[in-house]
There are 2 protein chains.
Amino acid sequence: MAIFSKTCEYAIRAVFYIAQKSASGMKSGIKDIAAEIDSPELYLAKILQDLSRKGLITSTKGPNGGFFLTSEMLELPLIEVVKAVDGDALFTGCGLGLKQCSELHPCPLHNEFKAIRNDITLMLSNVSIGGFNQELAEGLVSLKKSKTD
Amino acid sequence: MAIFSKTCEYAIRAVFYIAQKSASGMKSGIKDIAAEIDSPELYLAKILQDLSRKGLITSTKGPNGGFFLTSEMLELPLIEVVKAVDGDALFTGCGLGLKQCSELHPCPLHNEFKAIRNDITLMLSNVSIGGFNQELAEGLVSLKKSKTD
DNA sequence: ATAATAAAAGATATTTTTATCTTTTATAAG
DNA sequence: CTTATAAAAGATAAAAATATCTTTTATTAT
């Protein structure tokens with residue numbers, strides 16, 4: 001198991017890609033995005049529709065249309081995307097799957113997980129959606145799954 | 001998404017339960033374990049068979065049979081169970097699902113994830129399978145999913 | 001207005017994960 | 001050596017996640 005669902009991995013990579021384009025005022029078409037982040041186009045379309053409905057990205061239809069981010073959206077912490085897609089089990093749930101795990105009624109790993117969850121929450125709250133635009137533009141980091149870059 | 005698969009959650013809870021019983025020389029039947037950790041009995045049976053094949057737990061058939069852990073098994077770090085069930089994507093994989101994410105060809109969150117992965121790896125390496133036997137015996141921690149405890 | 005473009009929406013399909021059912025094998029006790 | 005017990009193994013089923021196909025709606029440019 002990875003830390004995020006595949007759906008969420010696609011969502012984050014796509015949002016990073018759209019962010020970088022948006023920073024230079026460009027809209028991105030689904031075909032382009034899917035190719036650039038190496039994801040199934042029609043599945044990604046569904047994911048982006050969902051993010052759009054939830055207000056994390058926006059889009060316009062028709063010629064010259066596409067997905068883009070407003071400057072406010074570029075400032076949002078990445079955790080918003082993760083929460084929108086994977087929910088907040090990663091941030092609030094019990095690591096062993098207990099429904100009523102709490103300080104008073106803890107699972108054996110309660111404190112251990114509290115620390116981990118805190119690290120993850122902090123990390124994803126401290127990076128913004130647009131925070132990697134420059135590194136992406138400079139080609140210092142990659143969003144493509146496979147080697148053909 | 002949770003951090004572990006449900007299969008892995010069941011596995012860890014079951015192993016903790018068997019560990020505590022093993023510490024006092026007792027074997028545990030699948031029916032008993034499933035009831036005590038609140039998991040689907042026949043599914044759990046499959047999981048334990050797998051752990052048994054992989055040498056993380058052991059069992060004997062027939063009357064007075066059941067699952068148990070040797071003293072060596074009780075000392076194993078919990079990460080062995082997680083690796084056996086969920087693989088090591090959580091410990092080595094790229095957070096964004098890139099196949100060739102590395103120092104030289106990193107994803108945008110490469111360093112951020114390195115820290116998180118390290119925390120998780122350390123935590124699961126530093127707790128042993130038998131490490132909670134006393135707290136479990138004293139009822140200070142719980143393995144049951146639902147409130148009826 | 002019309003045609004072309006691109007996302008939205010709805011329906012369906014595939015794959016993986018989770019769960020169950022049935023039969024077989026090993027062990028212990030009478 | 002027969003019966004009862006309990007795990008192992010194999011087959012199947014249900015649910016959730018991932019992926020694709022088709023139709024509709026909105027926008028732009030001609």
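Proteins come first, then strands; the chains are lettered A, B, ... in the order of their sequence lines, and each starts at number 1.
- In this structure, the side chains of B:Ile37 and B:Lys145 stay at 4.5 Å or more apart for every pair of heavy atoms.
- Residues A:Leu56 and A:Phe68 do not share a hydrophobic cluster, clusters being chains of Ile/Leu/Val/Met/Phe/Trp/Tyr side chains in contact below 4.5 Å.
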Practice item. Would you check, one step at a time, whether the test side-chain hydrogen bond (donor to acceptor under 3.5 Å, both in side chains) holds for A:Ser5 with A:Tyr10? Key: CA-CA 9 Å; A:Ser5 67; A:Tyr10 294 146; over 6 Å; no
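- Not a single donor-acceptor pair under 3.5 Å links the side chain of A:Asp38 to the backbone N or O of A:Lys144.
- Between B:Tyr10 and C:dT18 there is no side-chain N or O to OP1 or OP2 distance below 4.0 Å.
- Looking at A:Arg117, its side chain does come within 3.5 Å of a backbone N or O of A:Gly93 through a donor-acceptor pair.
- The interatomic distance linking B:Phe67 (CZ) with D:dA7 (C1') rounds to 6 Å, in whole Å.
- The distance from atom NZ of A:Lys145 to atom P of D:dT18 is 11 Å, rounded to the nearest whole Å.
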Practice item. Spell out protein contact along nucleotides 20-30 of chain C as letters: B when the base is contacted, S when just the sugar-phosphate is, - when no protein heavy atom is under 4.0 Å; keep the 5' to 3' order. Key: BB---BBBSS-
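- The pair B:Glu103-B:Lys114 meets the salt-bridge criterion, with a side-chain N (NZ, NE, NH1 or NH2) lying under 4.0 Å from an Asp/Glu carboxylate O.
- Less than 4.0 Å separates DNA chain D from no heavy atom of any residue of residues 14-26 of chain A.
- Along DNA chain C, the nucleotide closest to A:Met1 and the one closest to A:Ser28 are compared, and the more 5′ of them pairs with A:Ser28.
- The CG atom of B:Leu48 sits 13 Å away from the P atom of D:dA9 (whole-angstrom rounding).
- Of all heavy-atom pairs spanning A:Ala84 and A:Asp50, the tightest one is O-OD2, 4.3 Å.
- In this view, B:Lys46 satisfies the salt bridge (charged side-chain N to carboxylate O under 4.0 Å, His left out) rule with no residue, not counting sequence neighbours.
- Listed pair B:Ser59 / D:dA6 fails the phosphate criterion, with no side-chain N or O lying under 4.0 Å from OP1 or OP2.
- Listed nucleotides D:dA9, C:dA7, D:dA19 differ in distance to B:Arg53; the shortest reach to its side chain belongs to D:dA9.
- Phosphate proximity of C:dA7 to A:Lys27: absent, as no side-chain N or O sits under 4.0 Å from OP1 or OP2.
- OP1 or OP2 of D:dA17 has not a single side-chain nitrogen or oxygen of A:Ser5 nearer than 4.0 Å.
- Atom NZ in B:Lys31 sits about 11 Å away from atom P in D:dA7, given to the nearest Å.
- A:Asp50 has its CG atom 13 Å from the P atom of D:dA17, to the nearest Å.
- The CD1-C1' distance, from B:Ile47 to C:dT18, rounds to 9 Å in whole Å.
- Which of D:dA19, D:dA8, C:dA19 sits closest to the side chain of A:Lys6 comes down to D:dA19.
- Cluster annotation: A:Leu98 is not connected to B:Met1 through the hydrophobic network of ILVMFWY side chains, with a link wherever side-chain heavy atoms come within less than 4.5 Å.
- When the P atom of D:dA6 is taken as reference, atom CG of B:Asp32 falls 11 Å away, rounded to whole Å.
- Considering all non-hydrogen atoms of both residues, A:Ala19 and A:Gly130 come closest at CB-CA, 4.2 Å.
- A:Leu51 places its CG atom 14 Å from the P atom of C:dA7, with the value rounded to the nearest Å.
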